[in-house]
Each structure stands twice: as structure tokens, then as C-alpha cells.
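Each ligand, and each atom within it, is numbered from 1 in the order the structure gives.
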Amino acid sequence: MKITRRLLPVLGDQLSFNLASLQGLDTKSDTVLLAEVMEEASHVPHHPQKITLIFSAMRHFAEALRQRGVQVQYVTLDDPENTGSLPSELRRWQAVMQPDEIHITECGDWRLEQSLKDCGLEIQWHCDSRFLCTRTEFSSWAKGKKQLRMEFFYREMRRKSTLLLNGDGSPVGGAWNFDAENRKALPKNLKPPAPARFTPDAITQDVLALVAKHFTRHYGALDTFDYPVTHADAKALWDYFLDWGLAAFGDYQDAMASEEPFLFHARISAALNIGLLDLRQLCSDVESAYWSGSVALNAAEGFIRQLIGWREYVRGVYWLKMPEYADGNEFSNTRSLPEFYWTGQTKMNCMRQAINQSLQHAYAHHIQRLMVTGNFALLAGIAPSQLCEWYLAIYMDAFDWVELPNTLGMVMHADGGYMGSKPYCASGQYIKRMSDYCRGCAYKVSESTTDDACPFNALYWHFLMRHSDRLRSNHRMGMLYKNLDRMPESKQQALWQRGQQLLAKLDHGESF
Ligand code: SF4
């Protein structure tokens, strides 16, 4: 006799009640399967808080499904019969339950989706309708384009979603993008709201103990875990941001400040990426906040652009270009990721701040990732695969579809400019302008070639010099090369030498 008609495996980043493969769920004859597996938790050394978030949210989701009358089969990490991988768990439960059908919503990771497709079972796949743009729609949009520009894709998504449009289809405010208004440094007297914190309940406490026991070699603090693990708490985090963060988010979204890890950022990306929040609801809430007059257009548009522009765009690029995309290495970088990325032990205050808060909270905002830790890796010629692994491991919101294009494409320009028209390289002057980090640094941001000079400065010019053949002809880099060419030969040599010294230190495993 059949135990179950349909087996419905749900992955750790698919914790949405409206998940495509759960539509039409029959509580009498269908079974939802959730499994905590070692392979997914450790194929890179994921931050212990990220593992905690996913396992705890999975357990809460299973409980919420049971309360709705759904039959749930849940496999904990320490279940003696747990086989350790999703394909093998799927085969095991297929043999036990002998369902007529297996339904899965498409994955967020090419590696995992491939392994499930290769596991020898017949699976009915469902499009992930939690995104605005399907994989097929994106590839139709990309067809025939040599380079993909987010801005044009974003306009398509604005039209499709009708967000922030006038009645005639034109953008509210007369422009599609107000990013130029969103780059203000933080005024000294402006205090960000205290971050919303969520005390771990009994389920989360159990998971914290499990993670502490099994993942001792993974980097990152566990005792600071305060993240929402249920839909209700994720909504509370979101509501808190709407009340206290969104109005200032636009102006100061690129700003950075010492000992202020969150500023006016929503910190909802992890909750959204695992399915505790709904994209369309978030966009609708932000648009309503604008129409009600409680936030300015640059804040509302900036936030919506992150969601339906950037987020959907990187997912589209990922599925369009995988698996070759992961091998991109435009600058042929081979240098190892410095040890201080895992420990925070560096005298560069900006790097120490960004890395330490990442270890403490599994979080850093986009400019800390792009213009501090990412910028350093770009300038220092770090192998893109090593930086990608670090980002995937360390950030709570990092899943392969979102991490890889952001890191390999935007941060490292390793896809040869497919995503970004120029590398996001910057000297210490950018960090000085956007933060207070330089004031508390052992290095002098005003110096470039002395022993106490900001390492970003010489590395920046060294990067431009060593990739001159490739980058000089890029019209967006023209001004930078004009500045370089205007320097006396002796200054150029001094910058090159200082850059060489710093890179040699990295090659010898030394921190600075
Ligand atoms: Fe970073 Fe340079 Fe500023 Fe120090 S001086 S905080 S290394 S940018």
C-alpha cells in the first residue's frame, strides 16, 4: 500500500508556504521532506550562524506545516540514519515511501540542482515563482546582448511589476534611478536605530548546541546569534526597518561607520533568501511608504532597485552562464586569500572593521563587501574562486546564485566585464570619503609610498599599472589612466615598488 502519493522535498532556502512545488498540497496523501545534511552545511565552511539560521528556520517551518495539518518527514543532522547529502536522502525516502511523484522547486545552487538531477530519480521540477523574472524570461531578455546591463533589465522589471510608475508608464519622479542621491557620508550627529534583535527560543537553542558541537572548525561567532527564524519574526524585523530605517536608507546606504555594523540597512536579505519574507510584499510595502509620504523617492526607489533590479539580475546571470561562469578569471589571479580574511587580524582599520563584524554577525553591507574587502581582493590579485568561497561561507545571506555573480562579476571583474562595464577599484580616498575608518587606522590615507601609507593607495595604482594593457582602452577608465600618466616617472616607480612590497608580504603569509 502506498504511504504517500507525492513526496515534496523542501530545501533550506525554500521555506515559503507559497513555494511552487507545495501548490495543491494534499494533506492526506502528500508528504513534505526536510533534511539537515552535512554536505550542504560544510561544502564550504559556512558561518556557524548561517547554519543555525537555516536549520532553525527549517525546524520552525516544519512545525508550522504540521500545525496546518501537513505530513512532514524531518531529518535532523544527528539522526543516525541521516546519509549526509540531499540526493542520498531523497533516494532513501523514495525507497521508504515509494511515492508516485516527487516534486521540487528549482534550486539556488547549480551544483545541488545538478546532483539532484543526476540522482537517478524522476523529479518534476517547478519554476521558483518567488522571483519576479523566470530563468527563461531572463535568457530571452539577454539573447543577442554582448554585455548585460542591470539598469536596462531593471527598467523591464519596473514595467513588469508596475512599481513606482505613473499612469502613462513613465517612472515616478521623471527618472528610473536616483542612485546619485544615495551616496552621502554619515553626518557625525546622526545616530542609527538600535538593531532589532530576536532572542533564540528553545528550538534555536537546540540548533545552537548542535552547531557548536559539529562545526567547531568553521569561522565566526555563534553566541551573537539574534536573527529571526520564523515568518512572524522576519516580518517584525521588516516592520522595524520600515519604521526606523527606510527613510534614511536611501541617503546613507553607501556610508560606513566604526562599530556600527547595520546603520540604516534592513538586514533582511538572509530572511528573504531563505523564504521567510516575500519579495512582492516587500516591494509593495516600500512603494506604499513612498505614496504615503513617509519616505523620499530616492529611498523607496533605491530599495526597490536592489530587490527587483539587482537581485533578480544576478540570479538571471547565474542561471544563464553556469557552470562556466564560476571559472572566470579575467586577470589570471593566483594569489591566495590572506589569512586575515578569516581572523580579522590586520592593521588596516577598514578591513578589520568589515571582517570582524562579518565574523561577529555573518553580515556586512554591500559597500563594505564591494569597496572594502572586495576592493582589497581585486587590487591584491586574489584568486576569484578563493574570494567567492569566502563570501559564500561567511555571509548569512550568501547562496550561490547571489554570491557568485556579485563576487566574481562585480567585485573581481573576473567575468571580463560581462556584468560590470569597469572594475570597481578604488584607493583609500573612497573609503575615507564614505567612512570614519581612516581616523582610527594605523596607516595614513594621505600617503601612498611611505611605510605607514594606506595600502589601498599603492595597490590601487599597482593594479592599474599591471593591467594597463587590458583596461586602458576602457573608456570608463580613461580618466584614471590620464591621472597615472600625469605622474612623474619617479612617483610611478615608487608606487610600483610599494605595491610590490605589499604583494610580497601577502605571498609570504604576512599580515599588514
Ligand atoms: Fe583603510 Fe587605508 Fe583608511 Fe586605513 S587608511 S582605514 S587602510 S583606507
### Message
Show, in sequence, the C-alpha distance, side-chain angles and deciding distance for Lys235 and Asp285, and conclude whether the salt bridge (charged side-chain N to carboxylate O under 4.0 Å, His left out) test is met.
### Response
CA-CA 11 Å; Lys235 181 171 185 317; Asp285 291 347; over 6 Å; no

### Query
Is the ring centre of Tyr154 less than 6.0 Å from the ring centre of Trp176?
no

### Query
Nearest heavy-atom pair of Gln306 and Gln253: which atoms, and what distance?
NE2-OE1, 3.6 Å

#### Entry: Contact check, side chains of Arg315 and Arg135, non-hydrogen atoms, under 4.5 Å
yes

### Message
Centroid separation under 6.0 Å, is that true for the rings of Phe376 and Phe456?
### Response
yes

#### Entry: Those atoms of ligand 1 less than 4.0 Å from some heavy atom in Tyr437
6 (S)

### Message
Using a distance threshold of 2.8 Å, state whether an N, O or S atom of Cys454 lies below it from atom 1 (Fe) of ligand 1.
### Response
no

### Task
Using a strict cut-off of 4.0 Å, indicate which atoms of ligand 1 neighbour a heavy atom of Val445.
5 (S)

### Message
Closer than 4.0 Å to some heavy atom of Gly428 - which atoms of ligand 1 meet that?
### Response
8 (S)

### Query
So which protein heavy atom does atom 3 (Fe) of ligand 1 come closest to, and at what separation?
Cys438 SG, 2.3 Å

### Message
Starting from atom 6 (S) of ligand 1, what is the nearest protein heavy atom, named by residue and atom, and what distance separates them?
### Response
Cys350 N, 3.5 Å

### Message
As an exercise, identify every atom of ligand 1 less than 4.0 angstrom from a heavy atom of Tyr443.
### Response
5 (S)

### Query
Is the shortest side-chain N to carboxylate O distance from Asp226 to Arg267 below 4.0 Å?
yes

## Note on the structure
protein heavy-atom neighbour closest to atom 4 (Fe) of ligand 1 works out as Cys441 SG, 2.3 Å

